[in-house]
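Worksheet: one structure, shown below.
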2 protein chains.
Amino acid sequence: MTGSGTQPRRLATVARACDIVAALNELGGAGVTELAEHVDISKSSAHAYLNTLREQHLVVRDEGRYRLSLEFLYLGNAVRHREPLFVYGQSVVEDLAADSGEYVHLMCEQHGFERNIYKSAGEHAVGGEYHTTKEQQPDYLHFTASGKAVLAALPEQRVDSIVEEHGLPEKTPNTITDPDELFAELSAIRSQGYAINDEEEVMGIRAVGAPIRDADGEVLGGISISGPTGRFTLDRCHEVFAEKITERANVIEAKLNMSSASESLR
Amino acid sequence: MTGSGTQPRRLATVARACDIVAALNELGGAGVTELAEHVDISKSSAHAYLNTLREQHLVVRDEGRYRLSLEFLYLGNAVRHREPLFVYGQSVVEDLAADSGEYVHLMCEQHGFERNIYKSAGEHAVGGEYHTTKEQQPDYLHFTASGKAVLAALPEQRVDSIVEEHGLPEKTPNTITDPDELFAELSAIRSQGYAINDEEEVMGIRAVGAPIRDADGEVLGGISISGPTGRFTLDRCHEVFAEKITERANVIEAKLNMSSASESLR
DNA sequence: TCGAGCGTTCGTCAAATGCGAACAATTATG
DNA sequence: CATAATTGTTCGCATTTGACGAACGCTCGA
């Protein structure tokens, strides 16, 4: 029995508004009737929701179709610029991508999922294509390098609840789908200080990731470098990329700590 | 008497949820009590809103503070990639920025305001700093080059209603604040094909902008190049930048039309 | 140890919303 | 070009929902 305590109160109207935003995103815009069918509410309700969101400038109407407005771009930018990991990590990610020629990602954990904060493509970068338009399936932590690095740095009970909530879906034959196996892997990651993704998300792609912690030792997120198995042999992963990535993770940590140290001077 | 017809129905709960999102953005995160005071609702209500938004993954809680999640970054990216102006204009903007060394912006009109879709900074770029964290005042169309270019390409009655709704606030002594003056200016812009911002938004900065239209002649948005008055003399604006910017606007239009032409082949 | 402030829960009542039907507008079609 | 079919919009009513304030629990600091 896991579910303890009481659930916080839910506002159905707010939840539905969020569903509508999600639907508009998936559909890339919709008319009243189409949307009403998609989220299973009456036409008149759909109309009311859409027009309220439009009044709030989150939705625009163009030729009878309602679409999400560019307000989301502004909000997203603002959110990102408030993320310390982005503020202090952006240039580090760019440098490493330029030096190595590969793809470098900066991410953190939110709601038990992986969220990319920033990515930079080196000259020979492969993969990392973004889910732009279509339904973007959420990114799990257990099949990416930085994701596993973050999991390894999280309290075990947190990992437990994440696994319980989201499960360990399989993406490739190499994906870790067994909780015990995952915990063994996390333990290994803890001792070596970095994580390797050996074609566990996409066949043909390996990656190496490291966690980024704040001054108190809490994980803020992770950084990873990824590329084709040809250039990312297991040997090179352990020998050259592991060092590169942990070094850069350290640089970001240092920048973070310097900034928080100077903050406390006030 | 302007207000004709009836207003569409407003869902107060949805509007409040949007207010809360906006408040969290302005405050950069908040606790329950702080937020409740800021949007003037009870603590228990604030609690319910925040937890519903959290359940929907739009908000995260970290050390007792609620903040907007990176979901907004994903949504914003998706919105942008669905914008034809971005898809076909991004590389053009980058090229012009690189060639000229100046700031180049791609924008469109939404809700009577200017919304930036993409920007690229050339080597000597000045200005264009983004409102990242703090309360971002909306950008008006009447004091930017691309904004005026778009207004000039919009139906007059549309401009009327925009002016009526948002007014013509003054940003610098050069800002056009008189409707008649604005309409005269728009008329001039229509005949010359481009717009000039002569320190109307920021003192020391001039810009030249041009509209971008689809195959039916409807404006989709605008593109502008901006820089310090030293390099952007009025002469050079009219002679060299006006040609540059209209040429690039045309390139984007061509790309747009080619893509929509090939679409209709199905 | 105690107090102050914040976060959370609960019950009640007023208010807001969901629905369907009717109407208007727009587009497709013969 | 006229008519049909589809979509968007408005309205009134029944009912569910959310707002409030009080009380409780928790955390942090004095």
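Residue numbers begin at 1 in each chain, while the letters A, B, ... track the order of the sequences. Quick note: numbers below take in every heavy atom, side chains included, and nothing from hydrogens, waters or symmetry partners.
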Next on the checklist: On DNA chain D, compare the nucleotides closest to B:Ala48 and A:Arg65; which residue's is nearer the 5' end?
Outcome noted: A:Arg65

Next on the checklist: Counting distance alone, no hydrogens or angles: does the base of C:dG20 have a donor or acceptor under 3.5 Å from a partner atom on the side chain of A:Ser44?
Outcome noted: yes

Checklist outcome for this item: Nearest heavy-atom contact between B:Ile212 and B:Ala249 is CG1-CB, 4.1 Å

Checklist outcome for this item: What one should report as the nearest heavy-atom pair of B:Thr52 and A:Ala15 is CG2-N, 3.8 Å

Item to check | Contact list for DNA chain C against residues 8-19 of chain B - heavy-atom distance below 4.0 Å | outcome: B:Arg9, B:Arg10, B:Leu11, B:Ala12, B:Thr13

Checklist entry - Rounded to the Å, how far apart are B:Leu53 CG and D:dG18 P? => result 12 Å

Next on the checklist: I need the OH-P distance between A:Tyr66 and D:dT7, as an integer number of Å.
Outcome noted: 14 Å

Checklist outcome for this item: Taking every heavy atom of B:Ile189 against every heavy atom of B:Ala152, the minimum-distance pair comes out as CG2-CB, 3.6 Å

Checklist outcome for this item: note: A:Asp40, atom CG; C:dG20, atom P; distance rounded to Å ~ 10 Å

Next on the checklist: Rounded to whole Å, how long is the line connecting atom CG of B:Asp62 with atom P of C:dG7?
Outcome noted: 14 Å

Checklist entry - If you look at every strand shown and take non-hydrogen atoms under 4.0 Å, does A:Arg61 touch a base, only sugar-phosphate, or nothing? => result sugar-phosphate

Checklist outcome for this item: The residue, A:Glu37 or B:Tyr49, whose nearest nucleotide of DNA chain D is more 5′ is A:Glu37

Checklist entry - Separation of A:Glu63 atom CD from D:dT7 atom C1', in whole Å? => result 15 Å

Checklist outcome for this item: Scanning both residues in full, the closest heavy-atom pair of B:Leu85 with B:Gly221 reads CD2-CA, 3.7 Å

Item to check | For atom CD of A:Gln7 and atom C1' of C:dT8, their distance in whole Å | outcome: 13 Å

Next on the checklist: Between A:Arg82 and B:Asn25, do the side chains contain a donor N or O and an acceptor N or O under 3.5 Å apart?
Outcome noted: yes

Item to check | Ring centers of B:Tyr140, B:His142 separated by less than 6.0 Å | outcome: yes

Checklist outcome for this item: Looking only at D:dT7, C:dT8, D:dC20, the nucleotide nearest the A:Lys43 side chain is D:dT7

Checklist entry - Could you state the CG-P distance from A:Asn51 to D:dT7, rounded to the nearest angstrom? => result 18 Å

Checklist entry - Regarding B:Ser91 and B:Lys255, is there a side-chain donor-to-acceptor distance under 3.5 Å anywhere? => result yes

Checklist entry - The side chain of A:Ser42 lies closest to which of these nucleotides: C:dT9, C:dG7, C:dG18? => result C:dG18

Checklist entry - Over how many whole Å does the gap from A:His47 atom NE2 to C:dA24 atom C1' extend? => result 12 Å

Checklist entry - In degrees rounded to 10°, what angle is found between the helical axes fit to the five outermost pairs at each end of the helix from C:dT1-D:dA30 to C:dG30-D:dC1? => result 50°

Item to check | Over all atoms of both residues, closest heavy-atom pair of A:Thr144 and A:Glu114 | outcome: OG1-OE1, 2.6 Å

Checklist entry - For B:Tyr74, is the NZ or CZ atom of A:Arg115 found under 6.0 angstrom from the centre of its six-membered ring and inside 45 degrees of the ring axis? => result yes

